[in-house]
Chemist: 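Provided herewith is a single structure, encoded as structure tokens, for subsequent inquiry.
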Amino acid sequence: MNTMIYSMGVSLDGFIADRDGNIDWTPPDEELFLFHTERVRGLGAHLCGRRLYETMLYWETAEQRPDIDPAELEFARLWKALPKIVFSHTLDHVEGTNTRLATAGLQEEVDRLKSESRGDIEVGGAGLAGSAAQLGLIDEYRLFVHPVVLGGGTPYFPPLDKRIALELVETRSFGPVLYLRYLAR
């Protein structure tokens, strides 16, 4: 059975982007980058909100950079091969390899992916993940807690209507970044 995962970098005070929408405080070191590469390798599909989709478009052309290092090249190839579904109220088309705009609701798209995909499904973007959590679709929460207090910005989740009980199943540190993996109970 496919696992639905919400995985994002987050500040100590719970924000995934600062007040200006920047995530420049989250660059991974080499060890964390390789961990992300292995994580993406195991995915069968990725659901993206508009902002994450736009951020990740970088990887569509990264292979063309003459100075790209082998680890980045591998990630770019994995990302391009990964099926991606973009949820947006403002976009009427999307670009990128194996990328499509969602044509159905979140529940319907996830149900279809779970029947078609052989790997786990990851959701990225606070608003989209919040909607998935409201529907009870998220099985795992993976946080990469960075040592910064932003004081405001985009929260890891928008306000939710209900409490979600979690079980901590893994912790790991990557230098100053703490990785926390929780299962929804």
Side-chain angles (χ1 to χ4, degrees), residues 3-40 43 46-60 62 69 71-72 75-76 78-79 82 84-91 94 96 106 120-185:
T3 299
M4 180 78 154
I5 302 162
Y6 176 35
S7 178
M8 290 294 289
V10 62
S11 66
L12 185 62
D13 55 344
F15 297 99
I16 64 167
D18 69 17
R19 287 184 172 102
D20 297 321
N22 295 319
I23 58 169
D24 57 356
W25 47 272
T26 65
D29 66 12
E30 183 179 344
E31 181 185 19
L32 182 53
F33 188 84
L34 293 174
F35 183 82
H36 284 304
T37 300
E38 289 308 310
R39 188 178 53 73
V40 169
L43 296 177
H46 199 287
L47 307 179
C48 299
R50 181 188 55 84
R51 286 188 191 138
L52 181 63
Y53 156 72
E54 290 172 344
T55 298
M56 296 303 285
L57 271 175
Y58 166 83
W59 294 105
E60 290 294 324
D69 70 50
E72 289 177 323
F75 184 87
L78 288 169
W79 184 256
L82 181 65
K84 296 166 288 293
I85 297 88
V86 179
F87 289 79
S88 173
H89 298 291
T90 59
L91 298 175
V94 292
L106 182 56
D120 292 336
I121 301 164
E122 189 169 274
V123 58
L128 184 58
S131 296
Q134 290 281 34
L135 293 170
L137 298 175
I138 301 179
D139 303 305
E140 287 190 21
Y141 296 83
R142 298 179 182 181
L143 292 83
F144 295 86
V145 183
H146 292 259
V148 62
V149 174
L150 298 176
T154 306
Y156 184 78
F157 273 133
L160 299 174
D161 293 338
K162 61 184 177 185
R163 180 184 309 188
I164 301 171
L166 303 174
E167 175 186 355
L168 179 63
V169 294
E170 183 180 3
T171 63
R172 184 171 170 184
S173 62
F174 295 93
V177 177
L178 183 60
Y179 169 64
L180 304 168
R181 183 172 150 241
Y182 293 92
L183 297 181
R185 297 190 299 166

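Position 1 is the first residue of the sequence, and the numbers go up from there.
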Chemist: Is Arg172 salt-bridged to Glu31, going by a charged N under 4.0 Å from an acidic O?
Modeler: yes
Chemist: Please name the pair of heavy atoms, one in Arg51 and one in Thr154, separated by the smallest distance, quoted to 0.1 Å.
Modeler: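 For Arg51 and Thr154, the tightest heavy-atom pair comes out as NH1-OG1, 4.2 Å.
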Chemist: Measuring from Leu43:CG to Ile121:CD1, what's the distance to the nearest 0.5 Å?
Modeler: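 The distance works out to 9.5 Å.
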Chemist: Step by step, work out the side chain to side chain contact (heavy atoms under 4.5 Å, CB included) result for Asp161 and Gln134.
Modeler: CA-CA 7 Å; Asp161 293 338; Gln134 290 281 34; 3.4 Å; yes
Chemist: Between Tyr182 and Tyr6, is the gap from one ring center to the other below 6.0 Å?
Modeler: no
Chemist: Return the orientation label for the Tyr179 and Phe35 ring planes: parallel under 30°, perpendicular over 60°, tilted otherwise.
Modeler: perpendicular
Chemist: With a 4.0 Å cut-off, would you call Arg142 and Glu170 a salt bridge?
Modeler: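 Looking at Arg142 and Glu170, the cut-off is not met.
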Chemist: Would you give the length of the straight line joining atom OG of Ser11 to atom CD1 of Ile23, rounded to the nearest 0.5 angstrom?
Modeler: 12.5 Å
Chemist: Between Trp79 and Glu60, what is the shortest heavy-atom contact and its length?
Modeler: CD1-OE2, 4.3 Å
Chemist: Do Asp18 side-chain atoms and Asp20 backbone N/O form a donor-acceptor pair below 3.5 Å?
Modeler: yes
Chemist: For this output row, return yes or no: ring centroids of Tyr156 and Phe15 closer than 6.0 angstrom.
Modeler: no
Chemist: State the CG-OG1 distance between Leu143 and Thr171, to the nearest 0.5 angstrom.
Modeler: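 The distance works out to 12.5 Å.
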Chemist: So which heavy atom on Leu128 is nearest to which on Cys48, and how close?
Modeler: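 Minimum heavy-atom separation between Leu128 and Cys48: CD2-C, 3.5 Å.
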Chemist: Check the angle between the aromatic planes of Phe174 and Phe144 and answer parallel, tilted or perpendicular using the 30° and 60° thresholds.
Modeler: tilted
Chemist: Do the side chain of Lys84 and the main chain of Leu82 share a donor and acceptor less than 3.5 angstrom apart?
Modeler: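 Looks like yes, one N/O pair under 3.5 Å.
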Chemist: Would you mind reporting whether Val145 and Val177 have side-chain heavy atoms less than 4.5 Å apart?
Modeler: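 When only atoms from C-beta onward are counted, Val145 and Val177 do not touch, as no gap falls below 4.5 Å.
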Chemist: Do Thr37 and Leu78 make a side-chain contact, defined as non-hydrogen atoms from C-beta onward lying under 4.5 Å apart?
Modeler: yes
Chemist: Within this structure, what is the OG-CZ distance for the pair Ser7 and Arg39, rounded to the nearest 0.5 Å?
Modeler: 4.0 Å
Chemist: One pair to check against side chain to side chain contact (heavy atoms under 4.5 Å, CB included): Met4 and Leu47. What are the steps and the verdict?
Modeler: CA-CA 10 Å; Met4 180 78 154; Leu47 307 179; 3.4 Å; yes
Chemist: If you compare all heavy atoms of His36 against all heavy atoms of Pro28, which two are closest, and at what distance to 0.1 Å?
Modeler: CD2-CB, 4.4 Å
Chemist: CD1/Ile164 to CG/Leu166 distance, rounded to the nearest 0.5 angstrom?
Modeler: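 Answer for the CD1-CG pair, Ile164 versus Leu166, is 6.5 Å.
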Chemist: Pair Asp139, Ile5 - check side chain to side chain contact (heavy atoms under 4.5 Å, CB included), show working.
Modeler: CA-CA 6 Å; Asp139 303 305; Ile5 302 162; over 6 Å; no
Chemist: Please name the pair of heavy atoms, one in Ala76 and one in Ala62, separated by the smallest distance, quoted to 0.1 Å.
Modeler: CB-CB, 4.2 Å
Chemist: Restricting to non-hydrogen atoms, name the atom on Leu91 and the atom on Val86 that form the minimum distance, rounded to 0.1 Å.
Modeler: CD1-CG1, 4.3 Å
Chemist: Please report the interatomic distance CG(Leu183) to CD1(Ile138), rounded to the nearest 0.5 Å.
Modeler: 12.5 Å
Chemist: With under 30° as parallel and over 60° as perpendicular, where do the rings of His146 and Trp25 fit, or are they tilted in between?
Modeler: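 Rings of His146 and Trp25: perpendicular, over 60°.
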